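Note sheet for the following structure.
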2 protein chains.
Amino acid sequence: MNTLRIRLVPPPHNPAACDACAVRPASICAVLEDEGLERLAAVSVLVPEGHEFITESEPAEAFFVITSGTAKLFKMLADGRRQITGFAQAGGFVGLAVQETYGFSAEAVEETYLCRVSRGRLRRLVNTFPAVKQYLLQQAASELVAAQEQMLLLGRKTAHERLASFLLALAGRGRLHEPPPAGTEVRLAMARDDVADYLGLTVETVSRTLKSLRLAGYVTMPLPSLIVLVDPGALRRLAAGQG
Amino acid sequence: MNTLRIRLVPPPHNPAACDACAVRPASICAVLEDEGLERLAAVSVLVPEGHEFITESEPAEAFFVITSGTAKLFKMLADGRRQITGFAQAGGFVGLAVQETYGFSAEAVEETYLCRVSRGRLRRLVNTFPAVKQYLLQQAASELVAAQEQMLLLGRKTAHERLASFLLALAGRGRLHEPPPAGTEVRLAMARDDVADYLGLTVETVSRTLKSLRLAGYVTMPLPSLIVLVDPGALRRLAAGQG
DNA sequence: CGTGAACTTGACTAAGTTCAATAGAAGTGG
DNA sequence: CCACTTCTATTGAACTTAGTCAAGTTCACG
């Protein structure tokens with residue numbers, strides 16, 4: 001099975017190449033390498049921090065590839081309780097919908113560049129290049145794996161285990177891999193309340209649990225948004241429920 | 001976009017038509033309608049209640065379509081804590097994997113017939129019939145929607161809200177639809193501990209919460225495994241966090 | 001019937017939430 | 001550069017929901 005790779009071209013770039021532009025001078029934001037550098041016809045969009053670019057239950061008119069920055073996807077209950085279902089970073093995509101409306105909202109956690117592809121255009125693209133469909137299927141399948149892992153976390157792990165899992169995931173190593181090297185730095189692009197809403201906890205519990213991990217000697221925190229993994233092996237054991 | 005529909009033929013059926021058989025006389029278990037009734041070359045398998053047919057981290061050698069019965073998909077932690085990530089029923093599929101190994105285990109909740117498609121065969125099928133790829137993508141996307149809904153449940157809903165959501169989901173109406181008619185009966189194919197592990201609770205809490213819903217007049221339970229939705233509107237409000 | 005498994009109930013415990021106050025960091029304007 | 005505001009993060013104490021442990025019931029099946 002040949003694999004489609006999407007190459008990200010950092011914006012702003014090639015201002016004249018895109019066929020439309022919503023917010024910023026357009027750029028080619030992705031290239032379908034296996035199809036002879038065909039342009040992924042799309043619009044480059046700058047989303048400022050805190051700005052919502054997808055709203056749950058609105059018509060699903062477009063599909064986005066993240067070029068740079070970080071976005072959070074979330075769902076809310078009537079009384080304001082929120083669950084963040086995932087964070088998407090450069091290369092990630094957001095908004096693949098079979099249904100007519102979005103099933104979640106999405107908001108930029110920091111300044112974020114997106115590559116916007118309209119629904120109709122995605123459909124045409126998919127029909128023209130079978131590899132795109134393959135790529136989307138692979139992405140969806142791997143998101144599904146991540147979602148199942150997160151259900152295990154939300155349904156069955158303790159606060160300590162959740163934080164340990166989260167830090168390791170940010171460090172780029174899943175549960176199947178060996179832990180990252182000691183001293184690995186993890187930058188938290190998101191605020192405490194986002195971490196809390198992602199892990200199904202409160203800000204206070206996140207704060208207290210991080211303190212406890214610090215006291216245990218597993219991490220240090222030079223800044224509230226920078227965490228150094230001092231003992232990744234211990235974190236790994238914690239995350240797996242062997243702590 | 002033309003849609004692929006998979007028609008399920010109840011087993012045992014057409015004993016000579018399949019090209020291999022693992023457990024029971026083979027049957028054609030699904031037909032690709034849009035491709036002129038081409039046979040989905042596959043093996044029909046009977047899985048007895050409680051039997052595990054997919055094991056996490058084993059090589060992902062096959063893909064299954066459920067013909068009849070119910071299966072549970074789950075992940076476990078080292079100390080035995082378990083999270084059921086979903087139940088699959090007739091028409092559902094299990095085991096779509098991009099990775100080389102399964103990311104979860106699967107077990108029959110009741111006697112279940114499966115349609116087993118080997119990985120290589122699925123790949124060939126997908127290449128021959130583009131509609132199959134489309135179908136898989138759609139299925140994966142809708143599973144992703146369900147997974148996000150479940151993350152909201154596990155991360156942010158109370159025990160009462162979880163049970164209400166669960167009952168409505170079993171009754172076949174998601175959160176976007178109007179509630180099912182009063183008097184709708186929901187059969188629980190799975191035991192209490194499965195419900196608990198699916199909702200991120202304990203058996204005791206499931207039991208107590210069902211009692212509380214009974215006392216509130218929202219449901220009745222002629223049998224432990226049969227729940228009548230007396231006030232679906234109230235359940236709907238509870239499930240949405242407006243209870 | 002009798003035995004075992006599934007389910008329910010009760011009393012107690014604990015993990016995490018809530019509410020409230022404090023501390024720290026980051027900007028803003030004089 | 002420093003006072004002042006504001007936002008974010010942390011800490012503390014009381015509380016609550018759901019979990020734990022230990023009996024009971026009920027029901028299906030031999």
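The shown structure was predicted, so the numbers you read here are calculated from the model rather than taken from an experiment. Computed from heavy atoms alone, side chains included, the values below leave out hydrogens, waters and symmetry copies.
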Measure from [atom1] on [X] to [atom2] on [N] and round the result to the nearest Å.
{"X": "A:Ile227", "N": "D:dA9", "atom1": "CD1", "atom2": "C1'", "value": "12 Å"}
{"X": "A:Leu213", "N": "D:dA9", "atom1": "CG", "atom2": "C1'", "value": "16 Å"}
{"X": "A:Leu210", "N": "D:dT10", "atom1": "CG", "atom2": "P", "value": "7 Å"}
{"X": "A:Lys211", "N": "D:dA9", "atom1": "NZ", "atom2": "P", "value": "17 Å"}
{"X": "B:Glu161", "N": "D:dT17", "atom1": "CD", "atom2": "P", "value": "12 Å"}
{"X": "B:Leu226", "N": "D:dA28", "atom1": "CG", "atom2": "C1'", "value": "17 Å"}
{"X": "B:Lys157", "N": "C:dT17", "atom1": "NZ", "atom2": "C1'", "value": "20 Å"}
{"X": "A:Asp194", "N": "D:dC7", "atom1": "CG", "atom2": "P", "value": "16 Å"}

Specify the residue among B:Gly200 and A:Val206 whose closest nucleotide of DNA chain D lies further upstream toward the 5′ end. A:Val206
Cationic N near anionic O, under 4.0 Å, B:Arg81 to A:Glu161: yes
Pair B:Glu56-B:Ser105, side-chain donor/acceptor within less than 3.5 Å: no
Centroid separation A:Phe104 to A:Phe74 less than 6.0 Å: no
Under 4.0 angstrom between [X] side-chain N/O and [N] OP1 or OP2:
{"X": "A:Arg208", "N": "D:dT10", "value": "no"}
{"X": "A:Ser207", "N": "D:dA9", "value": "no"}
{"X": "B:Thr205", "N": "D:dG19", "value": "yes"}

Parallel, tilted or perpendicular for A:Phe93 and A:Phe63, by the 30°/60° rule?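 Rings of A:Phe93 and A:Phe63: tilted, 30 to 60°.
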Touch class at under 4.0 angstrom, heavy-atom based, for A:Leu201 against every strand present: sugar-phosphate
Scan B:Met221 against the nucleic acid and name what it touches under 4.0 Å (heavy atoms): base, sugar-phosphate only, or nothing. sugar-phosphate
As a test of reading the structure: which of C:dG10, D:dT11, D:dA9 is closest to the side chain of B:Glu204, going by heavy atoms? C:dG10
Residue from B:Leu213, B:Leu226, B:Ile227 passing side chain to side chain contact (heavy atoms under 4.5 Å, CB included) with B:Met221: B:Ile227
